[in-house]
Amino acid sequence: MIPAPLQAGIAGLSPGAALALLTLVAVVLFVVGVPILLVFSTWAIGFTVIFPVFSLRNMALVSYYQLWTFPLTAVPLFILVGALVNQLQIARDIVDMSRSIAGWLPGSSANTALVTAGVFSAITGSNAATTASVGEAFTDELDEEGYDPVFSAATIAAGGTLGIIIPPSVLFILYGVTFNLSVSELFVAGILPGILMLGGLVVTATVISSRHDYGTTDYSFSPTAILRSMFKARNSLLAIVVLLGGIFTGLFTPSESASIAILFVVTAEFLSGHIDDVEFVTESVQLTVYLVGIIIPVLITSIMIQQSLSFLNLQDLVSNAILALDSPILVGIALLVVMLLSGSILASIPNMILTAPLLAPAAFALGISPLMWGVIFMISDAIGFITPPYGLNLYIMSSITDIDYIKIARAAFPYFVVLTSVLVLFFVFPEANVLAAG
């Protein structure tokens, strides 16, 4: 039931009718392709006009207090680390190392792309950066080796889902800051799911490649070659050690680890003779500013909407409706369906901030801890990157390859099934994640 507003209806409409009209307008704007920031801002400001429990200055207050959070400084720093890696020799070293590890499998380059995505995820912390980087690096090579271009695009898009699960994840940082959970514990809890997701993707790519005779026999398994490539890629591996080691041991905060990693990457590449000019710094900083300029405003408007939904008691309504099913199995199925649906139609940050707290009470009633709920929800969010109609990774690969978005989505279905299996595993058996302390 909608609480009584603090002022009369607008334009002759009751507050409930005005809110329904506002929501309809927001949905239409979303469907026709208006940027999500404008859609959310329209709804948040409209809600404030209808229910002035929050004044219009609330946007400024939310912005100030949300940004006045030290862990949030890690976001631009992690993005900058990933941008620097993409600009330097270190990225090519990662590809060579991944090839020595997975190139001997059926579907050699496809599996190399997936392993590369896993390593990139441990540096960039972003699905979009991982997908775009691996897509640019492998698309032509996969075509030259005779892979179906649609399969290649779907494989890279699926690999990009690892970007928000394998630590350090930018979304885990935002989740921890928003819901007052330890970012370091979230990072640790994401390790095992990330490894299982990568393993499932590799097995799937291997089976499909074997059936269609994709790949090349130019590479063989060689421990010596792996060690040699790892030594060559030592700067990237040490950067991961610096990023995660300091956090997991408690020596550094995520922000401090990212800062040290930036200094390490630039210094190591300079001493290795891979830096000829400073143009890479300018381009990396520009990309970081651009991405932060997208992330932060969406974060702020999403939090404003979350406040509004809390005022409407929607969280209790949703959780009570799900728990009314009165069966753990039915409640679990309902939660999984809602998670997958919301991930497929909402961008990752709005979905995380709006949907996760709405479903949390029902998840807690099933015995899932707040920490594991964050990990489980983030897996479902990652699956949304290869699920229409949102499917951000599908759009990225479609733009890189000029292949129809829907064709890539169809080819990604086997990966969707595997990733969903991982989601169900940890949802049904959250204790299986032995690294989750919460």
Side-chain angles (χ1 to χ4, degrees), residues 71-85 94 114-131 133-134 159-179 181-201 236-262 264-265 295 348-349 352 356 369-383 385 419 422-423 426 430 432-438:
L72 202 58
T73 60
V75 173
L77 294 172
F78 277 116
I79 294 175
L80 181 57
V81 172
L84 288 171
V85 167
I94 291 173
L114 288 172
V115 173
T116 301
V119 179
F120 265 66
S121 298
I123 299 176
T124 65
S126 164
N127 72 288
T130 298
T131 303
S133 299
V134 177
T161 62
L162 301 171
I164 67 168
I165 303 299
I166 294 179
S169 163
V170 170
L171 281 184
F172 272 148
I173 297 172
L174 297 177
Y175 191 93
V177 170
T178 305
F179 300 112
L181 291 172
S182 168
V183 174
S184 298
E185 290 182 2
L186 283 168
F187 280 179
V188 174
I191 294 176
L192 186 57
I195 292 174
L196 286 183
M197 289 169 67
L198 175 58
L201 295 177
S236 62
L237 296 178
L238 287 173
I240 295 174
V241 170
V242 170
L243 271 173
L244 302 181
I247 296 173
F248 295 162
T249 59
L251 293 176
F252 308 121
T253 65
S255 301
E256 292 167 344
S257 289
S259 301
I260 295 172
I262 292 171
F264 171 81
V265 167
I295 292 173
S348 54
I349 295 175
M352 173 189 75
S369 70
L371 181 68
M372 253 326 276
W373 172 243
V375 175
I376 290 169
F377 190 87
M378 211 60 69
I379 296 174
S380 73
D381 209 8
I383 294 172
F385 292 134
L419 294 177
V422 175
L423 169 66
F426 286 108
N433 191 352
V434 295
L435 297 181

Under 3.5 Å donor-acceptor, S169 side chain and I164 backbone: yes
Residues forming a side chain to side chain donor-acceptor pair (under 3.5 Å) with S121, sequence neighbours excluded: none
Stepwise side-chain contact (heavy atoms from CB on, under 4.5 Å) check, L198 with L114: CA-CA 7 Å; L198 175 58; L114 288 172; 4.3 Å; yes
Straight-line distance of I165 CD1 to D381 CG, nearest 0.5 Å: 8.0 Å
Verdict with supporting geometry, V265 and V242, side-chain contact (heavy atoms from CB on, under 4.5 Å): CA-CA 10 Å; V265 167; V242 170; over 6 Å; no
Straight-line distance of I376 CD1 to L371 CG, nearest 0.5 Å: 10.0 Å
Donor-acceptor contact present, side-chain T131 to main-chain A128, <3.5 Å: no
Passing candidate, side chain to side chain contact (heavy atoms under 4.5 Å, CB included) with V183, options I247, L174, I173: I173
Where P193 and V422 come nearest, the two heavy atoms and their spacing: O-CG1, 4.4 Å
Least distance between heavy atoms, T130 atom then A117 atom: CG2-O, 3.6 Å
Working for side-chain contact (heavy atoms from CB on, under 4.5 Å), residues F385 and S348: CA-CA 8 Å; F385 292 134; S348 54; 3.7 Å; yes
Nearest non-hydrogen partners of F172 and G190, listed with the distance: CE1-CA, 4.1 Å
Under 3.5 Å donor-acceptor, N433 side chain and L192 backbone: no
Shortest non-hydrogen contact from F120 toward S133: CE2-CB, 3.5 Å
Close side-chain approach of F78 to P254, heavy-atom, < 4.5 Å: yes
Closest non-hydrogen atom pair between A356 and Y175, with its separation: CB-CE1, 4.0 Å
Nearest-0.5 Å distance that lies between atom CD1 in I349 and atom OG1 in T178: 9.0 Å
Interatomic spacing from CD1 in I123 to CG in L237 - rounded to 0.5 Å: 8.0 Å
Where F248 and P167 come nearest, the two heavy atoms and their spacing: CZ-CG, 4.2 Å
Nearest-0.5 Å distance that lies between atom CD1 in I260 and atom OG in S255: 11.0 Å
Verdict with supporting geometry, L419 and L201, side-chain contact (heavy atoms from CB on, under 4.5 Å): CA-CA 8 Å; L419 294 177; L201 295 177; 4.0 Å; yes
From CG (L84) to CZ (F264), nearest 0.5 Å: 13.0 Å
